[in-house]
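Shown next, in structure tokens, is the structure this report addresses.
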Amino acid sequence: MSRSTKKTALVTGANGFIGQLLCKEMLRQGWQVRAAVRAPCALSVAVETLSVGAIDGETNWADALREVDVVIHLAARVHVMEDTAADPLAEFLRVNTQGTANLARQAAAAGVRRFVYVSSIKVNGEQTSEAQPFVESDPPDPQDPYAVSKWHAEQALHDVAQQTGLEVVILRPPLVYGPGVKGNFVSLMAAVDKGIPLPLAGVHNKRSLIYLGNLVDVLIACARHPAAAGKTYLVRDGADVSIAELVRQIAAGLGKSSGLFPLPEMLLRGLGKLFGRPDSIERLLGSLCINDDLIRQELGWQPAFTLRQGLQATADWYKSRDYLSGISYLERRSDTVAANCNTSVVIVNYNAGKILLDCVASAQQQAEQIIVVDNASADSSMAALRDAFPAVRLICNERNLGFAVACNQGAQIADGEHILFLNPDCVLQAGAITALLAAVHSANDIGMVGGLLTDPDGTEQSGDRRAVPTPWRSFVKAFGFSALGNRYPKLFSDFMLHQQPLPDHPVEVEAISGACMLARREALEEVGLLDEGYFMHCEDLDWCMRFRQKNWKILFVPDARMVHYKGYCSKSRPIFVEWNKHKGMIRFYRKFFRRQYPGLLMGLVVVGVWLRFAAIAAYYLSGRLMHGLALRRD
């Protein structure tokens with residue numbers, strides 16, 4: 001199928017839970033897909049991705065709507081349990097109603113034929129009886145700001161359709177579950193996985209759900225089918241389920257016991273009121289059933305997956321999420337881009353201040369492309385960067401997403417054949433990148449290299465070359481047994497290698513520091529990017545393990561020198577940093593060593609990690625207390 005004969009779909013919210021799978025499936029079925037996202041990100045290389053900024057009544061969609069046949073509008077301000085906005089309804093209306101109406105009007109003016117809108121079953125109401133499920137002809141009964149905004153958006157779309165002839169299709173799904181699900185559903189899975197007893201065995205309600213794969217399938221049907229024009233449809237998997245049966249099926253998928261026991265519903269409701277969560281308990285106990293005969297009759301649609309299949313797929317995803325689902329993969333570049341950029345430098349900034357400018361200046365002299373990803377810095381570093389280096393590519397996150405996520409964001413838009421991940425508090429010395437590139441190409445099986453990190457006085461820092469800190473090596477270091485390393489190196493050696501003589505040439509090591517890691521694109525495409533399950537710290541060790549598992553070697557390059565002003569970005573929140581560091585250590589140990597060590601020993605390791613954190617936190621807190629007392633005396 002040539003590009004000229006393909007239908008083009010614009011998918012808003014394309015990087016979300018539903019949007020990512022929808023884009024992949026539409027590509028597979030021969031669509032040309034254009035993705036509209038709020039902030040720059042990378043999807044499939046075959047998807048044209050456009051950043052449209054905030055979605056409201058003023059958003060300019062002209063570029064996104066060019067030569068589009070169908071719009072599938074997923075982007076929305078989503079329902080949250082505890083909204084912190086001063087006026088939640090106004091915010092929901094601004095995005096979900098005014099933003100949708102604005103997009104529809106511009107779509108009609110641009111010649112778009114069809115507009116598929118994902119609304120919500122909450123437009124119909126919050127509960128049903130089992131005998132009288134919701135149907136499309138029911139009078140709307142939205143009961144919270146989110147549902148009200150969705151209902152007003154539907155009305156606005158009908159007005160645009162009447163005025164312009166735009167074919168509008170509205171879909172009202174119930175709760176959507178599947179790989180990547182968040183919110184209450186994943187919390188329920190976590191409770192089952194941890195063996196938490198749940199007092200729901202006596203609850204005999206019924207709820208309609210829809211699996212992510214089924215929703216994607218029906219969205220494509222609504223985009224294609226001639227009979228869908230002008231219609232509103234309810235949709236579900238097909239088999240309604242009680243909360244108790246849902247827990248049992250989740251438990252079966254996880255290979256766990258359900259932990260269900262009965263408690264009277266009246267007592268559960270009383271507990272909900274006592275703890276100030278009556279609405280949450282009511283949603284848990286109440287029924288919400290859907291009759292979706294209309295879409296099955298008119299479009300001939302049938303769900304591709306059963307409820308049981310969907311829950312099993314979700315359980316399989318959940319079981320792997322702690323260790324694998326945080327890993328994304330680098331998309332391949334076009335040959336044209338590959339020919340124009342040898343090295344991209346990705347710098348993740350968080351309140352680095354003026355040192356960020358020194359870092360960028362040192363990198364810009366040695367690399368073709370500089371990308372800075374900012375994790376919602378509160379200082380003036382980004383304003384100063386824009387003024388001093390206008391050619392630097394910027395990604396500005398609205399909140400701190402963590403080091404791994406931000407690194408991956410930068411990598412996904414990097415053009416280079418090599419990508420250097422560099423801390424913002426590192427200043428490269430002349431020739432550092434040249435030395436790293438020479439080392440990484442000294443043999444075909446070298447996948448990643450790191451440089452020599454020094455203090456301002458030239459002293460080598462710990463961590464730039466090291467062995468992997470296995471639970472045993474960590475135990476040895478924590479209790480001082482590394483002093484015996486000279487006599488018994490196999491048993492008691494330290495995993496930090498900086499105290500050994502500095503080599504005069506690149507040497508293979510087990511791990512390097514995340515402050516400076518240059519990797520071949522070829523290796524990144526095979527190994528995957530940083531594991532986003534780490535917020536900060538230990539993601540570099542995880543990465544080194546995965547490189548070596550794929551038989552890529554790692555080199556320490558002593559001639560690639562840089563000054564590392566260590567801790568520049570983290571000194572304002574030491575306890576927060578230590579919390580995430582120790583949390584990352586536990587994830588790392590469990591991910592790579594839980595099958596190599598007895599369960600009891602791993603348990604002791606976890607206890608030891610948290611005791612260490614407690615001691616460090618107590619140290620910082622006592623320091624704050626003493627400082628406060630000193631100020632009072634003054």
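Note that these values count all heavy atoms, side chains included, but never hydrogens, waters or copies made by symmetry.
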Run the side-chain contact (heavy atoms from CB on, under 4.5 Å) check on Trp317 and Val186 step by step: do they pass?
CA-CA 11 Å; Trp317 161 79; Val186 78; 4.1 Å; yes
Q | Polar contact flag, side-chain donor to acceptor under 3.5 angstrom, Glu532-Asn408 | A | yes
Ala313 and Pro179 have their tightest heavy-atom pair at O-CG, 4.0 Å
Hey, does Ile170 have a side-chain heavy atom less than 4.5 Å from the side chain of His158? yes
Across all chains, not counting sequence neighbours, the side chain to side chain donor-acceptor pair (under 3.5 Å) partners of Thr314 are none
Residue pairs passing the side-chain hydrogen bond (donor to acceptor under 3.5 Å, both in side chains) test with at least one member in residues 217-228, sequence neighbours excluded, are Gln29-Arg224, Asp217-Trp301
ask   = Salt bridge between Arg587 and Asp542, side-chain N to carboxylate O under 4.0 Å?
value = no
Review point. Ile290 versus Val235: any side-chain heavy-atom pair under 4.5 Å?
Key: no
Heavy atoms of Ala223 and Ile72 approach each other most closely as CB-CD1, 4.3 Å
- prompt: Given the rule in the side-chain contact (heavy atoms from CB on, under 4.5 Å) test, do Glu245 and Val203 qualify, once you have shown the distances and angles that lead to the verdict?
  reply: CA-CA 9 Å; Glu245 181 57 29; Val203 180; over 6 Å; no
Q | Val241 vs Leu307 side-chain heavy atoms within contact, under 4.5 Å | A | yes
By side chain to side chain donor-acceptor pair (under 3.5 Å), Arg399 pairs with (sequence neighbours left out) none
When rounded to the nearest 0.5 Å, the distance separating CG of Leu524 from CD of Gln412 is 10.0 Å
Taken to the nearest 0.5 Å, the spacing of Asp193 CG from Leu254 CG works out to 5.5 Å
Nearest heavy-atom contact between Phe592 and Tyr534 is CE1-OH, 4.4 Å
For Ala9 and Trp31 the tightest heavy-atom approach is CB-CE3, 3.7 Å
Residues Ile210 and Asp237: closest non-hydrogen pair is CA-OD1, 3.4 Å
Please tabulate, one pair per line, all N/O donor-acceptor pairs under 3.5 Å involving side-chain atoms of residues 92-99, not counting sequence neighbours.
residue	atom	partner	partner atom	Å
Arg94	NH2	Glu91	OE1	3.0
Asn96	OD1	Arg77	N	2.7
Asn96	ND2	Arg77	O	3.0
Asn96	ND2	Ser149	OG	3.1
Thr97	OG1	Ser149	O	2.7

Quick one: side chains of residues 132-141, donor-acceptor pairs under 3.5 Å with protein atoms, not counting sequence neighbours, listed by atom name and distance.
residue	atom	partner	partner atom	Å
Glu136	OE2	Leu234	N	2.9
Asp138	OD2	Val135	N	2.8
Asp141	OD2	Gln143	NE2	3.0

CD1 of Ile295 to CD of Gln297, rounded to nearest 0.5 Å, is 11.0 Å
Residues Leu166 and Ala104: closest non-hydrogen pair is CD2-O, 3.8 Å
Those residues at least two apart in sequence (or on a different chain) that pass side chain to side chain donor-acceptor pair (under 3.5 Å) with Ser120 are none
- Message: Take a 6.0 Å sphere around CD of Gln155 and say whether it holds more than 12 heavy atoms from other residues, nucleotides or ligands.
- Response: yes
task: Tell me, with the steps shown, if Arg546 and Asp531 meet salt bridge (Lys or Arg N to Asp or Glu O under 4.0 Å).
output: CA-CA 10 Å; Arg546 287 163 41 215; Asp531 184 344; 5.5 Å; no
Exercise for review: Step by step, work out the side-chain contact (heavy atoms from CB on, under 4.5 Å) result for Ile413 and Gln409.
Suggested key: CA-CA 7 Å; Ile413 65 169; Gln409 287 178 308; over 6 Å; no
Rounded to the nearest 0.5 angstrom, the CG-OG distance for Asn15 and Ser51 is 9.5 Å
Sorted by chain and number, sequence neighbours left out, side-chain contact (heavy atoms from CB on, under 4.5 Å) with Thr306 holds for Arg308, Gln309
| request: Any chance you could lay out the side chain to side chain donor-acceptor pair (under 3.5 Å) test for Gln312 and Asp316, step after step, and finish with the verdict? | output: CA-CA 6 Å; Gln312 183 62 60; Asp316 291 341; 2.8 Å; yes
Rounded to the nearest 0.5 angstrom, the CG-CG distance for Leu284 and Leu268 is 8.0 Å
Practice problem: Start with the C-alpha distance between Arg521 and Glu526, add both sets of side-chain angles, then the distance that settles salt bridge (Lys or Arg N to Asp or Glu O under 4.0 Å), and finish with yes or no. | Solution: CA-CA 9 Å; Arg521 178 173 286 269; Glu526 180 181 359; over 6 Å; no
By side chain to side chain donor-acceptor pair (under 3.5 Å), Arg296 pairs with (sequence neighbours left out) Asp292, Gln302
Contacts satisfying ring-ring contact (aromatic ring centres under 6.0 Å, His included) that involve residues 242-261 (not counting sequence neighbours) are none
Passes side-chain contact (heavy atoms from CB on, under 4.5 Å), Ile196 versus Val192? Steps please. CA-CA 6 Å; Ile196 297 174; Val192 174; over 6 Å; no
Residue pairs passing the side-chain hydrogen bond (donor to acceptor under 3.5 Å, both in side chains) test with at least one member in residues 195-213, sequence neighbours excluded, are Ser208-Asp240
Distance col, row Leu219:CG vs His73:NE2, nearest 0.5 angstrom, shows 13.0 Å
Contacts satisfying salt bridge (Lys or Arg N to Asp or Glu O under 4.0 Å) that involve residues 260-271 (not counting sequence neighbours) are Glu265-Arg269, Arg269-Glu282
Using the six-membered ring wherever Trp is involved, compare the ring planes of Tyr117 and Phe115 and label them parallel, tilted or perpendicular (cut-offs 30° and 60°).
tilted
Are the side chains of Leu171 and Val218 in contact, using a 4.5 Å heavy-atom criterion?
yes
In short, salt bridge (Lys or Arg N to Asp or Glu O under 4.0 Å) pairs touching residues 162-173 with sequence neighbours left out are Arg113-Glu167, Arg114-Glu167, Glu154-Arg172
